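Just below is one structure, and these are the notes that go with it.
Bear in mind that the values here come from a model prediction, so they are computed numbers and not experimental data. Proteins get letters first, then strands, A, B, ... in listed order; numbering begins at 1 in each.
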Amino acid sequence: MLQVARGLLGRMLVYDAPEGRLSGRIVEVEAYRGPGDPASHAWRGATPRTRIMFGAPGHAYVYFTYGMHHCLNVVAEPEGRAAAVLVRALEPLSGLEWMARRRGRLPRERLMRGPGCVGRALGLTLRHDGLDLVEGPLWISNLAPVRGGRRIGVSGRVGIRRGAGRPWRLFLIGHPCVSAVRTPMRRGV
DNA sequence: GTATCGATTAGC
DNA sequence: CTAATCGATACA
């Protein structure tokens with residue numbers, strides 16, 4: 001699962017939306033497990049919401065939270081074992097006009113900085129929950145990751161209480177599109 | 001059925 | 001620091 005999280009950094013996420021192609025490079029992720037990870041939605045086992053997390057890898061787990069945000073995850077373990085990688089930030093690559101239309105006029109690096117902002121910029125909803133991320137229309141490119149020579153930083157996960165000690169947030173060190181969070185870095189890779 | 005709480009964000 | 005805002009979940 002951490003392997004998947006690491007492999008996602010620098011990869012391109014593409015959404016062939018009705019209005020056109022939106023895409024971005026993944027620069028920040030967080031890994032979540034199932035039972036045994038108290039910060040995970042799936043820590044008490046499968047529920048209607050977390051069903052997808054227990055399903056086949058390479059699918060989208062989209063959840064709705066705080067009454068207003070849709071967040072995107074990539075299911076990351078074989079069927080039957082719950083795990084997902086939360087996509088926390090993207091560097092916008094194409095479709096910036098549409099992202100700006102949803103997010104407002106913002107500097108490019110702020111369009112998809114933060115998991116709620118990613119969902120908002122791309123126009124994700126619960127209709128995207130369970131989508132196959134290989135087939136599209138929402139998919140992850142299999143081209144080699146591009147990290148621009150940046151190393152991978154590791155820290156605790158953001159916005160959780162239980163399970164906060166686990167160093168399962170990965171990001172590209174120094175990338176301007178990584179969300180500004182005061183979680184101390186554990187190490188660079 | 002009701003009550004509580006967010007894997008967040010923007011704004012003061 | 002807090003409000004916003006509502007689905008998922010737990011519990012009676």
Side-chain angles (χ1 to χ4, degrees), chain A residues 1-2 4-6 8-9 13 24 26-55 57-77 81-92 99-131 133 138 140 152-172 176-186:
Chain A
M1 168 203 62
L2 284 173
V4 173
R6 162 180 295 248
L8 284 173
L9 287 178
L13 179 83
I26 301 172
V27 298
E28 179 185 355
V29 297
E30 271 175 4
Y32 289 85
R33 283 233 149 97
D37 178 3
S40 172
H41 291 160
W43 77 287
R44 292 197 201 233
T47 64
R49 178 175 63 159
T50 60
R51 176 182 109 255
I52 301 296
M53 272 186 78
F54 288 83
H59 286 242
Y61 164 50
V62 177
Y63 67 87
F64 177 69
T65 191
Y66 290 101
M68 59 191 94
H69 303 299
H70 290 90
C71 302
L72 171 69
N73 295 253
V74 180
V75 176
E77 290 282 343
R81 199 139 34 98
V85 177
L86 173 67
V87 178
R88 285 195 57 91
L90 298 173
E91 173 193 350
M99 297 174 188
R101 188 164 304 199
R102 296 200 177 95
R103 292 269 300 127
R105 272 211 187 100
L106 288 170
R108 169 190 155 85
E109 63 270 17
R110 286 198 47 202
L111 286 173
M112 298 196 282
R113 190 165 66 190
C117 300
V118 170
R120 171 61 82 98
L122 297 178
L124 300 181
T125 69
L126 291 181
R127 298 201 326 280
H128 299 88
D129 189 33
L131 287 184
L133 292 173
L138 180 63
I140 294 168
I152 297 177
V154 182
S155 80
R157 295 173 293 182
V158 177
I160 56 171
R161 305 170 54 151
R162 291 170 301 203
R166 301 179 193 202
W168 288 354
R169 169 175 178 250
L170 307 185
F171 54 95
L172 298 185
C177 298
V178 170
S179 65
V181 167
R182 50 282 182 195
T183 311
M185 193 186 311
R186 301 299 179 69

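- Between V178(A) and L172(A) the shortest heavy-atom distance is CG2-O, 3.6 Å.
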Checklist entry - Stepwise, does the salt bridge (charged side-chain N to carboxylate O under 4.0 Å, His left out) test hold for R157(A) with D37(A)? => result CA-CA 12 Å; R157(A) 295 173 293 182; D37(A) 178 3; 2.8 Å; yes

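- Side-chain proximity of I160(A) to dA8(C), dA7(B), dT5(C): nearest is dA7(B).
- At whole-Å resolution of the value, CZ in R103(A) and C1' in dT9(B) are 9 Å apart.
- dA7(B) atom P lies 19 Å from atom CG of L170(A), rounded to whole Å.
- Partner assigned to dC6(C) is dG6(B), using Watson-Crick or G-U wobble distances below 3.5 angstrom.
- Nearest approach of V29(A) to A5(A), heavy atoms of both residues: CG2-O, 3.7 Å.
- For the segment residues 104-121 of chain A, no residue has any heavy atom less than 4.0 angstrom from an atom of DNA chain C.
- Computed from coordinates, the R157(A) CZ to dT8(B) P distance equals 11 Å when rounded to whole Å.
- In this structure, the separation between CG on L72(A) and CG on L86(A) is 8.0 Å, given to the nearest 0.5 Å.
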What protein N or O atoms touch nucleotides 2-6 of chain B N or O atoms at under 3.5 angstrom, if any, and at what distances?
{"residue": "dG6(B)", "atom": "N2", "partner": "Y66(A)", "partner atom": "N", "Å": "3.3"}

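- C177(A) approaches R113(A) most closely through the heavy-atom pair O-CG, 3.4 Å.
- Side-chain contact check for H70(A) versus L126(A): some heavy-atom pair is nearer than 4.5 Å.
- The CE-C1' distance, from M68(A) to dT8(B), rounds to 8 Å in whole Å.
- We find that the ring of Y63(A) and the base of dA7(B) do not stack by the test of centres under 5.5 angstrom and planes tilted less than 30°.
- Between R88(A) and the phosphate of dA7(B), there is no side-chain N or O to OP1/OP2 separation shorter than 4.0 Å.
- In this structure, F54(A) and A42(A) approach most closely via the heavy-atom pair CE1-CB, 3.6 Å.
- Checked by atom type, the side-chain pair H41(A)/Y61(A) shows a donor-acceptor distance below 3.5 Å.
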Sort me out a list of protein N/O and nucleotides 10-12 of chain C N/O pairs below 3.5 Å, or just none if empty.
{"residue": "dA10(C)", "atom": "OP1", "partner": "R44(A)", "partner atom": "NE", "Å": "3.3"}

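- You'll find the side chain of V158(A) reaches within 4.5 Å of the side chain of R88(A), heavy atoms only.
- The nearest whole Å value for the distance from the CG atom in L126(A) to the C1' atom in dA7(B) is 15 Å.
- What you find for V75(A) and G55(A) is that their closest heavy atoms are CG1-O, 3.7 Å.
- Taking 4.5 Å as the limit, some side-chain heavy atom of L8(A) sits within range of a side-chain heavy atom of V85(A).
- In this structure, M53(A) places its CE atom 16 Å from P of dA8(C), rounding to the nearest Å.
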